[in-house]
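Worksheet: the structure to be examined is printed underneath.
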Amino acid sequence: MTRFIDVHSLVRLVDETGVPEFLVTLADALRDDFLRWREFDKKARVASHSHLGVIELMPVADDGAYAFKYVNGHPHNTQVGLPTVMAFGVLAEVDTGYPVLLSELTLTTALRTAATSAMAAKALARPDARSLALIGNGSQSEFQALAFHALLGIEQVRVFDIDPRATDKLVRHLAACTPMEIVRADSTAEAVRGADIVTTITAYQGHATVLTPDMIEPGMHINAVGGDSPGKTELHPDVLRGARVFVEYEPQTRIEGEIQQLAPDFPVHELWRVLLGEVPGRERPEQVTVFDSVGFALEDYTALRCIQQLALERGVGRQIALVPELDDPKDLFGLTASGRRRAVLRRAA
Ligand SMILES: NC(=O)c1ccc[n+]([C@@H]2O[C@H](COP(=O)([O-])OP(=O)(O)OC[C@H]3O[C@@H](n4cnc5c(N)ncnc54)[C@H](O)[C@@H]3O)[C@@H](O)[C@H]2O)c1
């Protein structure tokens, strides 16, 4: 049987663990998996574009487990009452192809993205960074703030969104659950001024220039998350040209990341090499670093593995017959009334 984690089950796992603790657990697991990068069979995700957004399939595997995520990105969705990003995913045994876990990944995507952002910033930002500017205060934003507080000790978060109601919501949530100082800004430039780390996590279907070169200060780390598909970017290209740029999986980021705006030979460095000590991260305190995040399948593999383990430990989720369990594995027809034989659902939790 396949373990099914719906939204309610995932919320239970997160609530029982606590959001900050969940983020720290995920970041540790992500780091472990990035350190064994070479063991994974990797490919750029398969994207299906329309004029309003994108639907993507994100596969990855190691020797033991195969994972994929279905995810969309539709910036106009909030106007029709739907989230911009929605996702679910599967974990399967490589040896048999058996799907062992089917899970919600919408909430999980926000958690794993924030954990990845903070894990990257830990390797790339100045160690004395204490303030974060958060541009784009939608679904992902609370998780980003909490991850940077839990993993980097960020004490002040400076927030801005073109939609003041999104900022109202973020400020309300953060004020209720963190000791961080929250500074509400009237513009991106005001939020960014003096910040050690800047996260851009906006949703806009086009080439936006959320950050322009005049806003960038020496020593900043920029965590650019919202530009994640062809034709959808957040940074002025000169911000990238003035920085040392890090990516998840270069073949995918060349197509989808901020660096799609630059020449194909613009130098970038994959984060896993920094974590392994093969490539330097930040080279000097005043250097500007950019993590050009688009979201890579390995991050969802890690999240699915964490969910699987937590769900098993705590008995969360339920078993569903996603694929048939047959007495005779060659007798699929026996499932049907016409086959006059009944398949027995036999595998237990
Ligand atoms: N890299 C990754 O791994 C990853 C993962 C998840 C989501 N994302 C991307 O992150 C973005 C945010 O996702 P979300 O779920 O929070 O979306 P959301 O729609 O809930 O929130 C986006 C917010 O950005 C604001 N915004 C748009 N343009 C802006 C601008 N110029 N300045 C300030 N604010 C602006 C909107 O008003 C909105 O409140 C999306 O583009 C999504 O595709 C990336």
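Owing to the predicted nature of the structure, the values given are computational and were not obtained by experimental measurement. Atom set for the values below is all heavy atoms of this structure, side chains included, hydrogens, waters and symmetry mates excluded.
- Side-chain contact between Thr2 and Val100 is absent, with no heavy atoms from C-beta onward closer than 4.5 Å.
- At least one side-chain heavy atom of His207 sits under 4.5 Å from a side-chain heavy atom of Gln260.
- Looking at Glu286 and Arg244, no side-chain N of the basic residue comes within less than 4.0 Å of a carboxylate O on the acidic one, giving no salt bridge.
- Taking hydrophobic clusters as Ile, Leu, Val, Met, Phe, Trp and Tyr residues chained together by side-chain heavy-atom distances below 4.5 Å, Ile197 shares a cluster with Val159.
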Please report, to 0.1 Å, the donor-acceptor pairs under 3.5 Å made by any side chain of residues 82-92, with sequence neighbours excluded.
none

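- By the ring-ring contact (aromatic ring centres under 6.0 Å, His included) test, Phe296 pairs with Trp37, Tyr249, sequence neighbours left out.
- Between Lys232 and Glu256 there is no salt bridge, since no side-chain nitrogen of the basic residue lies less than 4.0 Å from a carboxylate oxygen of the acidic one.
- Lys330 and Asp328 are not joined by a salt bridge, as no carboxylate oxygen comes within less than 4.0 angstrom of a charged side-chain nitrogen.
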For residues 147-157, which side-chain donor-acceptor pairs fall under 3.5 Å, sequence neighbours excluded?
from	atom 1	to	atom 2	distance (Å)
His149	ND1	Ile154	O	2.8
Gln156	NE2	Glu181	OE1	3.2

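- By the 4.0 Å N-to-carboxylate-O rule, Arg254 lies too far from Asp292 to be salt-bridged with it.
- Contact check on Asp196 versus Arg130 returns no salt bridge, with no Lys/Arg side-chain nitrogen under 4.0 Å from an Asp/Glu carboxylate oxygen.
- Side chain to side chain, Asp6 and His8 fail the donor-acceptor criterion of an N or O pair below 3.5 Å.
- A single hydrophobic cluster is not seen to contain both Tyr70 and Val7; linkage of ILVMFWY side chains at heavy-atom distances under 4.5 Å, directly or through other members, places them apart.
- Residues Arg241 and Asp238 are paired through a salt bridge, judged by an N-O separation under 4.0 Å between the basic side chain and the carboxylate.
- For Phe4, there are no ring-ring contact (aromatic ring centres under 6.0 Å, His included) partners two or more places apart in sequence or in a different chain.
- Between Lys169 and Glu142, at least one side-chain N (NZ, or NE/NH1/NH2) sits under 4.0 Å from a carboxylate O, which counts as a salt bridge.
- Salt bridge Arg31/Asp33: absent, no basic N to carboxylate O contact under 4.0 Å.
- Arg3 places a side-chain heavy atom less than 4.5 Å from the side chain of Leu312.
- Under the ring-ring contact (aromatic ring centres under 6.0 Å, His included) criterion, Phe40 pairs with Tyr301, not counting sequence neighbours.
- Salt bridge annotation for Glu190-Arg193: absent, with no cationic side-chain nitrogen under 4.0 angstrom from a carboxylate oxygen.
- Other cluster members for Val290: Ile135, Phe160, Ile162, Val192, Val198, Val210, Leu211, Met215, Ile216, Met220, Ile222, Leu235, Val239, Leu240, Val245, Val247, Ile259, Leu262, Phe266, Val268, Val288, joined by side-chain heavy-atom distances under 4.5 Å among Ile, Leu, Val, Met, Phe, Trp and Tyr.
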